[in-house]
2 protein chains.
Amino acid sequence: MLKLSKKTEYAFMAARHLAMNNSGHYSTAKEIADNCQIPYQLVAKVLQNFARNKIATSFQGAKGGYKLNRLPDNISLIDIIKAVEHNYQVTECMQEDNSKSTCSHLDCCKIRDPLIEIQRKIDNVFVQTSLKQIL
Amino acid sequence: MLKLSKKTEYAFMAARHLAMNNSGHYSTAKEIADNCQIPYQLVAKVLQNFARNKIATSFQGAKGGYKLNRLPDNISLIDIIKAVEHNYQVTECMQEDNSKSTCSHLDCCKIRDPLIEIQRKIDNVFVQTSLKQIL
DNA sequence: TTATATACGACTAATTTAGTCTTATTTATT
DNA sequence: AATAAATAAGACTAAATTAGTCGTATATAA
């Protein structure tokens, strides 16, 4: 419990690789998969998420690949997490739009408010850590 | 991802109930299950974990139940989490004894050290929040 | 003796996460 | 024009974790 997903771990690793290799060629999914010893298909998806979320720019075709859009200093871990996860919340009912929460005791729950505070603090840990800090 | 388990949510709720009802009778698993609308068997186990971990004292038999051992001010959320979870780590390799980690790239992992720091910060969130604060 | 409670392990079901497969599209190179 | 190397993306399967149930033993007040 309270575990980061492999997807997020791979995203951190991939972002790190992009940051360390941002001169000359574009880094490819294959290159990162080999270098970090993680499954190719999963890195590929992570990188696609980076591109969709403007963390990186993708170049298709031969000699293609990815490059970061910002300096590592200006990318926080929360950006990376949000790019690859749509559910990074401490409880189900923390969703921004909690109308669709299926929690059966939302109405009688006494611990939701304090947990929102916990959530905020945990968010902050990732907001306040930049990619540069994990190089 | 990064979600608290139901077990932990139930543990927070149960601890809260014990704290709010610590005069006169001992709170029972049934009472808490009914009051918080959570499955009896699960609260029962949570309470057993509290007893084993000296957070509460149990009284067996009719008119039995549980009472907290310390004031809510002196019980931190990390105590509650540790009582019910043996795996509350951000990554598999964060285990105190990481010799039994099965992570295949422990030796080439570049993000472990920064993640240890993240782990420490998240731990702190729970260390620094007392049961009193969620009443 | 009975009713009410905790203690606890084994088991099953449900959900989530991780990983794979397949196909389409883009583009540099030959 | 053909080929090879790359991204794009959805569907699917497998594995692992989490949630919940069942059964049985033990303790104790009435």
Side-chain angles (χ1 to χ4, degrees), chain A residues 1-11 13-14 18 25-34 36-53 55-67 81 83-92 102-105, chain B residues 1-11 13-14 18 25-34 36-53 55-67 81 83-92 102-105:
Chain A
M1 88 129 195
L2 216 66
K3 208 168 268 155
L4 295 174
S5 66
K6 290 286 175 190
K7 211 152 120 187
T8 292
E9 284 182 37
Y10 296 162
M13 288 165 135
L18 290 175
H25 79 308
Y26 302 133
S27 302
T28 68
K30 181 170 188 322
E31 177 188 321
I32 297 174
D34 289 350
C36 303
Q37 293 181 247
I38 51 187
Y40 167 75
Q41 303 272 20
L42 297 186
V43 202
K45 282 183 189 170
V46 161
L47 291 167
Q48 285 162 27
N49 286 330
F50 282 0
R52 263 188 246 161
N53 289 278
I55 288 177
T57 299
S58 70
F59 299 90
Q60 283 194 317
K63 301 270 170 179
Y66 299 85
K67 74 164 216 286
I81 291 176
V84 299
E85 300 282 346
H86 30 272
N87 252 11
Y88 69 104
Q89 250 56 25
V90 145
T91 65
E92 189 201 332
T102 56
C103 177
S104 59
H105 33 260
Chain B
M1 89 126 194
L2 218 64
K3 206 167 269 154
L4 296 174
S5 66
K6 291 284 175 193
K7 210 153 122 189
T8 292
E9 283 182 36
Y10 298 161
M13 289 165 135
L18 290 175
H25 79 307
Y26 302 133
S27 302
T28 68
K30 181 171 189 320
E31 176 188 321
I32 297 175
D34 289 350
C36 303
Q37 294 181 246
I38 52 187
Y40 167 75
Q41 302 272 21
L42 297 186
V43 203
K45 280 183 190 171
V46 161
L47 291 167
Q48 284 161 29
N49 286 330
F50 282 179
R52 262 188 244 160
N53 289 277
I55 287 177
T57 299
S58 71
F59 299 91
Q60 284 194 314
K63 301 270 171 179
Y66 298 86
K67 75 165 217 285
I81 291 175
V84 298
E85 301 282 346
H86 30 272
N87 252 10
Y88 70 104
Q89 250 56 26
V90 145
T91 63
E92 188 203 332
T102 57
C103 177
S104 58
H105 33 259

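Residue numbering restarts at 1 for every chain, and letters A, B, ... go by the order of the sequence lines. Side chains are part of it too, since the values below use all heavy atoms of this structure and drop only hydrogens, waters and symmetry mates.
Take A:Thr28 and apply the side chain to side chain contact (heavy atoms under 4.5 Å, CB included) test, not counting sequence neighbours, and it matches A:Lys30, A:Glu31.
By the 4.5 Å heavy-atom criterion applied to side chains, B:Tyr66 and B:Ser58 are counted as neighbours. B:Lys67 places a side-chain heavy atom less than 4.5 Å from the side chain of B:Phe59. The shortest side-chain heavy-atom distance between A:Leu4 and B:Met1 falls under the 4.5 Å cut-off. Between B:Asn87 and A:Lys3, the closest side-chain pair of non-hydrogen atoms falls below 4.5 Å.
For the residue pair A:Thr91 and B:Glu9, no side-chain donor N or O sits within less than 3.5 Å of a side-chain acceptor on the partner.
When DNA chain C is scanned 5' to 3' for any atom under 4.0 Å from a heavy atom of chain A, the first and last hits are C:dA18 to C:dA28.
Helix-axis bend for the helix from C:dT1-D:dA30 to C:dT30-D:dA1: the local axis fitted to the five terminal pairs at one end deviates from that at the other end by 0°, rounded to 10°.
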Report all interatomic pairs (protein N or O, nucleotide N or O of nucleotides 28-30 of chain D) with separations under 3.5 Å.
from	atom 1	to	atom 2	distance (Å)
D:dT28	O2	B:Ala62	N	3.3

Review item, nucleotides 14-16 of chain D N/O atoms under 3.5 Å of protein N/O:
none

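Nucleic acid contact class of A:Tyr66 (heavy atoms, under 4.0 Å, all strands): sugar-phosphate only.
Place A:Lys6 and B:Gly64 on DNA chain C by their nearest nucleotides, and B:Gly64 ends up nearer the 5' end.
Within residues 40-48 of chain B, the residues having any heavy atom under 4.0 Å from DNA chain C are, by residue number, B:Tyr40, B:Lys45, B:Gln48.
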